[in-house]
Structures are given as C-alpha cells and as structure tokens.
**Q** 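Structure provided below as structure tokens; questions to follow.
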Amino acid sequence: MATRIEQLMDDIRQQIASRALTPGSRLPSVRARAQSAGVSVSTVVEAYDRLEAENIIVSRPGAGFFVSGPIAPLDLAQLGPQLERDIDPLWITRQALEATSDMLKPGCGWLPPDWMYEEGIRRALRKAARSESALLADYATPAGNPELRQLLTRRLAGYGMSVKPEQLLLADSGTHAIDLICRFFLEPGDSVLVDDPCYFNFHALLRAQRVNVIGVPWTAQGPDLDAFQQALTLHAPRLYITNSGIHNPTGATLSPTTAHRLLKMAEDSDLVIVEDDIFADLESSTAPRLAALDGLSRVMLIGSFSKTVSASVRCGFIAAKPAWVDKLTDLKIATGFSSGQLAADVLLNILKDSGYRRHIEAIKQRLADNRAEVISRLGQLGIRPWLVPQSGLFLWCELPEGMNAADVSRACLSQGVVLAPGNTFSQSGTCDRFLRFNVSQSNDERIYTVLKKVMSSSAINRAATYGRRNVNVIGT
C-alpha cells in the first residue's frame, strides 16, 4: 500500500499529466497543502523534496514550488502498438516490452512475473542490504563473484562438465555474454551458422557485427547434418550459435547421435560452437550438451537465470577454456569495465536458497499442465504444434494452409495480443506459416477469442487466397 507521501506525489503527478497543472504553475504552499490533504507539514515537505529530486517540480527560494517545464506535448499516437513497424528480428521484443499492462503476450519469451521466485528474491535483497558497503558501492572483480563461479562449477558438473572457476566469466546477461564472444571472434564479413529457425535475437546480434549469417535447417533431432556440412564447405564459418538443451523456438532436443556427428564436423573444420543454455533449469530430463561432450575444447557454454529467477537480476556467464576466458575478461573490462556485483550476490543467495529447487519443480509442473491445455485450445482453431516438447516454455505451431503468420500477428496486435510470427526466427524467411507460443503466457481466454476472430476475418482470408508462400524448411 502506498504511503501518504507516495499518495501525495501521485496526486501531483496526475495533475501534471492531465494538464491541471502546467509547466511553471505554482504549487500550494507546504502549509496549505498539508491542511487541504489532511497530512503533516513534514509529509508535504518530503513529497515536494522527492518530486524535486525527480525534476518534476522546482523550488524557488522565497517564492515556493513550481512545476518544471517545458514538457513535451502529449502524443496520443505513442499510446498504442506501432502497427506500421516492420516485422524484423526485434519486432517481438519491442512489442512485448512496450506493451501496456492490459495487453496479452503469448509471443514473448519469458515467464509471467507472478511465476518468478519473488519470495527468494526478496530474501536475497534483504540480505544484500545488510552486507558490507563494498558490495553496495564498489566494482566487482574482473571475472565476477568468486563464490558464484564456484557454485556454477558444481551446477555444471550435473550436466557432465568438469569446469574450474577460472573457466567461468560472469557477464551482465546471456545476451551480453554472446555479444562479448562475437566481438572477440568475429570480423566484418566473417560467416556464422545459426539454426533455421533460431532465437531471433541471434540475428540482431550478428547483424550488429556485420557478418554473413547462414541458416541451417533445424530438425526434431538437431541441425540437418547434410546442410550443415554443405555450409561448412561453402562458407568456412567462424562460429555456430545454437540451443541444444531446449531449442528456441521449437522446443526440440538435440539427439546424442546428431551431437557426436556435429562435433566431429566442427573439429574437422576448426569451427567454434557457442551453446546458449539459458533454459537449462526448465528441463524435465537432462539433454546432451555439446559442451559436455566436447570438454569445452571448441564449445563455449552460455547461461543465465533471467528466465527462472528474475529478468531484473541481470547476470549471465560464459564457460570456456581458460585461454579464451582470459581474453574475454580483458574485452569485458575494455567494453564494460565490470559486471554487476550486487546482481551477482543476489543471484548467489537465491541459488543457495533451499526454496529455489522447489520453485523450479513447481514451474516445470505448471508448464507441463499449461502445455497440454494450450495445445488443446490451439487445436480447436486448426493451429498444430510442429512437435510436442518434453519441457520448456515454447510451442512452435503451424497455421492452417494459406494463412500468413505476419498478417495474423499484425491483426492480433491491433486487438491487444502480441504474437511471435515465424519469419522473425528464420534466416531464410520460409517459416511464414509458423507462430511461437509461450505456454506460460497463453492462459487468457481473450487470446483465443482474438485469434478465432482474426483467422476468420475477410482480410486474412483474402490474403490467403493470393497464394502466400508456405515452404516449411524445418526438418523431416
């Protein structure tokens, strides 16, 4: 519940937002405001001081408090979804992060806030608040919190990886970790392999590096090995970036046979593999890890906890051979100086909390229950999963014949539903009949009502009659 100070601040903010108070307007005196609001003078003083700290109001000695200004005019066009934006690799993220609280986000890539480990986060924050001042105010060591890195070595041992703390580098997130690796290994014009489809932000990250991105068709067992070998021969790629535990967006799992053959190809071609493993804690059973089979020789493992702990506690890591970690540490210092010491300490205490394991088990059960329900609800609309995943957040689903996912997504966005159209994940642009659904974000009845309405609309059906391309490159 808001305090009287916060209530008073909110009232003033609302008056400014509604133009009841305009830039330069004088606020009531402290004493007058206290009398009219029925609060103490000290309450008004504190509220005014906080608003001044936010540059919302300004004090003029001897004259009183005034609304700061000028302010930008109210732009009603910015209050709704940006329907005209091109559907590119960042479309889903922008729409999901900019969505208002009343919008539904079955296309986003994270758990709802009330699914996260809030109780454990609060305990860890309270403990951090009582820590030495260095934790709250100083820089972290270059490689990151030593105790957290030690704990991570024990967690990775559960996936069959023998990792020493000096083989681990903490980063600000999984995305930051991949960005560091790309900066370290790549030069403009280099070639990089990705799965087709793959996590759309791989495309955006690699585009920023000005490299040649080559998509390899993805199958239910992993990348199409014939296409993979052909790409190695034709393009001599420097890196291959993939998910193998729980693949994003398909939810598929890399098979042991495919993993072994893939590593042999990589060894013969001097390819470095970046294995993004941020969904590891959501697995129902442990899948093969390229990093474990390879012993971190030419495979680098990326991890983070934004999907299971908190997207606000930004902390990821890189596991790699010591020589690479040493050079990546220098690059991290050069480009970011230090990672977040406070976030690492909070994460450490969360992972040490006995309740975290129970939290994860509960999440996995909720995902399983939701997965079955969402498959059933989508099936009633003629939307079918490409495969039924063993675990994870995602369903990679195919629309009925003739329908285009981008058209459906735009129409749903105008009605407050953010979807994830397939071609944002596809380098080849041949997944235009696919949508990725997040089963944890697909409970609301309104999603299916909007989908049904949009899919039966005359505009969508007219688009379908013009013979939209619907080639499916995802494997056999």
Side-chain angles (χ1 to χ4, degrees), residues 83 85-93 95-96 104-109 194-200 202-203 215-221 223-224 227 243 247-252 371 374-389 392-415 417-439 441-442 447-476:
L83 299 178
R85 178 185 170 91
D86 289 340
I87 296 182
D88 59 21
L90 294 177
W91 188 87
I92 304 167
T93 300
Q95 302 301 341
L104 304 173
K105 299 180 288 188
C108 79
V194 297
D195 303 320
D196 193 349
C198 71
Y199 172 42
F200 51 79
F202 291 167
H203 297 151
V216 177
W218 181 260
T219 78
Q221 293 76 42
D224 181 310
N243 312 114
H247 185 260
N248 182 5
T250 68
R371 190 178 305 116
V374 172
I375 289 172
S376 174
R377 296 300 307 275
L378 291 174
Q380 295 171 23
L381 301 175
I383 303 174
R384 309 292 180 187
W386 174 63
L387 59 75
V388 178
L393 281 68
F394 304 127
L395 289 173
W396 184 239
C397 295
E398 189 171 15
L399 289 167
E401 184 77 22
M403 290 206 167
N404 181 275
D407 294 336
V408 171
S409 297
R410 285 193 184 280
C412 286
L413 181 63
S414 69
Q415 299 187 50
V417 176
V418 180
L419 296 177
N423 274 346
T424 59
F425 303 88
S426 175
Q427 179 65 21
S428 62
T430 50
C431 292
D432 53 6
R433 278 181 55 200
F434 283 85
L435 291 166
R436 187 194 70 180
F437 286 90
N438 178 342
V439 299
Q441 298 270 8
S442 300
I447 295 170
Y448 305 97
T449 300
V450 169
L451 269 171
K452 183 177 181 179
K453 178 181 177 182
V454 165
M455 291 172 65
S456 61
S457 71
S458 57
I460 296 297
N461 287 326
R462 280 201 306 273
T465 64
Y466 284 100
R468 295 278 191 176
R469 186 169 55 133
N470 50 44
V471 178
N472 175 13
V473 300
I474 306 177
T476 56

**Q** Identify the two heavy atoms, one from Thr219 and one from Trp386, that lie closest to each other, and give their separation to 0.1 Å.
**A** C-CH2, 3.6 Å
**Q** Does the salt bridge (charged side-chain N to carboxylate O under 4.0 Å, His left out) test come out yes or no for Arg384 and Glu398, once each step is laid out?
**A** CA-CA 5 Å; Arg384 309 292 180 187; Glu398 189 171 15; over 6 Å; no
**Q** If you look at every heavy atom in Pro106 and Ser442, which pair is closest and at what distance?
**A** CB-OG, 3.4 Å
**Q** On a heavy-atom basis, which atom in Gln427 and which in Asp196 lie closest, and how many Å separate them?
**A** N-OD1, 3.6 Å
**Q** Any side-chain to backbone donor/acceptor pair from Asp224 onto Pro217? Under 3.5 Å, distance only.
**A** no
**Q** Check the angle between the aromatic planes of Phe425 and Phe200 and answer parallel, tilted or perpendicular using the 30° and 60° thresholds.
**A**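 Plane angle over 60°, so perpendicular.
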**Q** Using side-chain heavy atoms (C-beta onward) and a distance below 4.5 Å, is His247 in contact with Pro389?
**A**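 Not touching, per the 4.5 Å side-chain cut-off.
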**Q** To the nearest 0.5 Å, how far apart are CG in Leu393 and CZ in Arg371?
**A** 8.5 Å
**Q** Do Trp218 and Asn243 have side chains that approach each other closer than 4.5 Å (heavy atoms only, starting at C-beta)?
**A**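 No, their side chains stay 4.5 Å or more apart.
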**Q** So, for Ala406 and Asn404, which heavy atoms are closest and what is the spacing to 0.1 Å?
**A**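 Where Ala406 meets Asn404 most closely, the heavy atoms are N-OD1, 3.0 Å.
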**Q** Please check: side-chain N/O of Arg436 versus main-chain N/O of Thr250, any donor-acceptor pairing under 3.5 Å?
**A**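 The answer is no, because no donor-acceptor pair under 3.5 Å joins these two groups.
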**Q** Could you state the interatomic distance from CD1 (Ile447) to CG (Leu104), rounded to the nearest 0.5 Å?
**A** 5.0 Å
**Q** Determine whether Ile383 and Leu399 make a side-chain contact, defined as any pair of heavy atoms from C-beta on separated by less than 4.5 Å.
**A**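 Yes, close enough: below the 4.5 Å cut-off.
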**Q** What distance separates Thr449 OG1 from Gln415 CD, expressed to the nearest 0.5 Å?
**A** 10.0 Å
**Q** For a 4.5 angstrom cut-off between non-hydrogen side-chain atoms, does Leu413 reach Val418?
**A** yes
**Q** Examine distances only and state if a side-chain atom of Tyr448 and a backbone atom of Val374 form a donor-acceptor pair shorter than 3.5 Å.
**A** no
**Q** Nearest 0.5 Å please: distance from the SG atom of Cys397 over to the CG atom of Leu387.
**A** 9.5 Å
**Q** Heavy atoms, side chains only, cut-off 4.5 Å: are Cys431 and Trp396 in contact?
**A** yes
**Q** Taking Asn438 for the side chain and Cys108 for the main chain, is one N or O donor matched with an acceptor at less than 3.5 Å?
**A** yes
**Q** With side chains defined as the heavy atoms from C-beta onward, is the minimum distance between Val439 and Leu395 less than 4.5 Å?
**A** yes
**Q** Taking all non-hydrogen atoms of both residues into account, name the closest pair between Arg433 and Met403 and its distance.
**A** CG-O, 3.1 Å
**Q** Any side-chain heavy-atom pair from Asn423 and Phe434 closer than 4.5 angstrom?
**A** no
**Q** For the residue pair Gly422 and Ala405, what are the closest heavy atoms and their distance?
**A**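 Closest approach of Gly422 to Ala405: N-CB, 4.1 Å.
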